[in-house]
Amino acid sequence: ANGFINVNISGSASYTHPAYTVFNPTLTGALVLATLTTDAIGSVTAVTTRSLTLANLGFTGATNATYFTGHTIYLNGASLVTIGSGGYLNVVATNAAGDPVVTLTGNAVNFRYDISVGGIPNCTLTGYIAGATGAIAATDNIKTAFSKLSTMDPIVFNVTTDTTTSSLTAVAVFTTGTLPAGTYIVDVVAITSSSTNAGCRYSISNTGTATGIFTAQGSTLNLVSYGSETNNLGTLTNQAFATVAGSTLFTTFTAIVVLTTSGTISFNHAKFTSGISTVKAHSYMRIQRKQ
């Protein structure tokens, strides 16, 4: 009892532990264990690691988790708002009656968002008059309607460099694009000069069929001496303006032009008898459609 027995093991009965390698993988961030290799007695003989990917976690989108090709917001199971990769926000229709689809499109180059409305407008547009691109119809979507209304804003034509002529017949300084039939108010401020004391003549004209008159008023001999004339469209003034050689003087024009067919409107100048007529930079013509 309470004794010890010494047993001697020798020869083939002795035990030697296999050689081994120390493994100390550092698992930080997305790095995880990939494989463990063991031998017949279960000792670890090899270790490998790998980095987790989004696919490993069940993510099926872009490999960059911060990048989206689009995103949809749902309400009660119905798609309500779509955010597209092109920089647009699309508010989609929610019922069969045809609510409009409103789209905000990012325009990074011009630092703006453009709004458009597609689908059935679900409204009737009344009380509007035609713009330069045509009459608004009740079936127009809102984008089309606004494009027509915007043309009711004044159109301004500017002279950026001096324009000259020695012709005794009318030469256009400003000419609009083709305008639809309608009534237009035209205002011109012309900074002018003549190379001789003979002065200059001016007119407002049109293409297409139109009626109307214009009134011209401006400096003659000096800044406190004025001449004026009311004349028909397309007819040069008989009044000579800018009759001080080399002096920069002003002439203003107001016109009512009633286009009964589509056409253009022009402001023209000519010499009275001889020399050169100049309409200088910063002169302008302003046109606004009234009906």
- Taking atom types as modelled and ignoring hydrogens, do the side chains of Ser167 and Thr169 form a donor-acceptor contact shorter than 3.5 angstrom? yes

- Note on the structure: Separation between OG1 (Thr53) and CZ (Phe59), nearest 0.5 Å, reads 11.0 Å

- Linked hydrophobic residues, Val258 as query - side chain contacts closer than 4.5 Å: Ile185, Ile256

- Task: For residues Gly208 and Asn206, report the shortest heavy-atom separation together with the two atoms involved.
- Result: O-ND2, 3.2 Å

- Query: In Å and rounded to the nearest 0.5 Å, what is the CD1 to CE distance from Ile204 to Met285?
  - Reply: 7.5 Å

- Task: Assess the side chains of Thr264 and Thr178: does a donor N or O sit below 3.5 Å from an acceptor N or O?
- Result: no

- Query: Can you name the closest pair of heavy atoms from Phe214 and Asn232 and give their distance?
  - Reply: CE2-O, 3.4 Å

- Can any side-chain N or O of Gln217 pair as donor or acceptor with the backbone N or O of Thr252 at less than 3.5 Å? no

- Would Asn56 and Arg50 count as having a side-chain donor-acceptor pair, cut-off 3.5 Å? yes

- Query: Which distance, rounded to the nearest 0.5 Å, do you find between the NE2 of His282 and the OG1 of Thr161?
  - Reply: 10.5 Å

- Message: Could you report the tightest heavy-atom contact between Leu33 and Val47, atom names first, then the distance?
- Response: CD2-CG1, 3.6 Å

- Query: So how far is it from Phe253 CZ to Ser228 OG, rounded to the nearest 0.5 Å?
  - Reply: 11.5 Å

- Do Thr235 and Ser203 meet the criterion of a side-chain donor-acceptor pair at a distance under 3.5 Å? no

- Task: Mind running side-chain contact (heavy atoms from CB on, under 4.5 Å) on Ile213 and Asn231 for me, showing each step along the way?
- Result: CA-CA 6 Å; Ile213 59 174; Asn231 216 330; over 6 Å; no

- Task: Hey, could you give me the CZ/OG1 distance between Phe23 and Thr49, rounded to the nearest 0.5 Å?
- Result: 12.0 Å

- Query: Could you go step by step and tell me if Asn268 and Val171 meet the side-chain contact (heavy atoms from CB on, under 4.5 Å) rule?
  - Reply: CA-CA 5 Å; Asn268 315 286; Val171 175; 5.9 Å; no

- Item | Heavy-atom side-chain contact between Val279 and Asp162 under 4.5 Å | no

- Item | Shared-cluster residues of Leu52, by chain and number - hydrophobic side chains joined below 4.5 Å | Val32

- Message: Ignoring hydrogens and geometry beyond distance, is a side-chain donor-acceptor pair present between Thr215 and Thr230 at under 3.5 Å?
- Response: yes

- Query: Any donor and acceptor pair, going by atom type alone, linking the side chain of Arg289 with main-chain N or O of Ala181 inside 3.5 Å?
  - Reply: yes

- Task: Taking all heavy atoms of Thr220 and all of Gly227, pick out the closest pair and write down the distance.
- Result: CG2-N, 3.6 Å

Exercise answer: donor-acceptor pairs, residues 188-201 side-chain atoms, under 3.5 Å, sequence neighbours excluded:
| from | atom 1 | to | atom 2 | distance (Å) |
| --- | --- | --- | --- | --- |
| Thr192 | OG1 | Tyr202 | OH | 3.2 |
| Thr192 | OG1 | Leu249 | O | 3.4 |
| Ser194 | OG | Thr196 | N | 3.1 |
| Ser194 | OG | Thr196 | O | 2.6 |
| Ser194 | OG | Lys271 | NZ | 2.6 |
| Ser195 | OG | Ile276 | N | 2.6 |
| Thr196 | OG1 | Ala198 | N | 3.3 |
| Thr196 | OG1 | Lys271 | NZ | 3.2 |
| Thr196 | OG1 | Ser274 | O | 3.3 |
| Asn197 | OD1 | Ala245 | N | 2.8 |
| Arg201 | NE | Thr237 | O | 2.5 |
| Arg201 | NH2 | Thr237 | O | 3.2 |
| Arg201 | NH2 | Asn238 | OD1 | 3.2 |

- Task: Starting from the C-alpha separation in whole Å, work towards a yes-or-no answer on side-chain contact (heavy atoms from CB on, under 4.5 Å) for Val173 and Val159.
- Result: CA-CA 8 Å; Val173 178; Val159 174; 3.7 Å; yes

- Query: Quick one: does Thr176's side chain get under 4.5 Å of Ser266's, heavy atoms only?
  - Reply: no

- Among all residues two or more places apart in sequence or in another chain, which pass the side-chain hydrogen bond (donor to acceptor under 3.5 Å, both in side chains) test with Thr278? none

- Query: Considering residues at least two apart in sequence or located in another chain, which fulfil the side-chain hydrogen bond (donor to acceptor under 3.5 Å, both in side chains) criterion with Ser277?
  - Reply: His269

- Query: Measuring from Phe241:CZ to Phe272:CZ, what's the distance to the nearest 0.5 Å?
  - Reply: 10.0 Å

- Please walk me through it: do Ser205 and Leu233 pass side-chain contact (heavy atoms from CB on, under 4.5 Å)? CA-CA 5 Å; Ser205 61; Leu233 297 178; 5.8 Å; no

Distance-only check: which donor-acceptor pairs under 3.5 Å involve side-chain atoms of residues 34-44, not counting sequence neighbours?
| from | atom 1 | to | atom 2 | distance (Å) |
| --- | --- | --- | --- | --- |
| Thr35 | OG1 | Thr48 | OG1 | 2.4 |
| Asp39 | OD1 | Ile41 | N | 3.1 |
| Asp39 | OD1 | Gly42 | N | 3.1 |
| Asp39 | OD1 | Ser43 | N | 2.8 |

- Query: Hey, would you say the Phe157 and Tyr284 ring centroids sit under 6.0 Å apart?
  - Reply: no

- Ile287 versus Tyr184, closest heavy-atom pair with distance: CG2-CD2, 3.8 Å

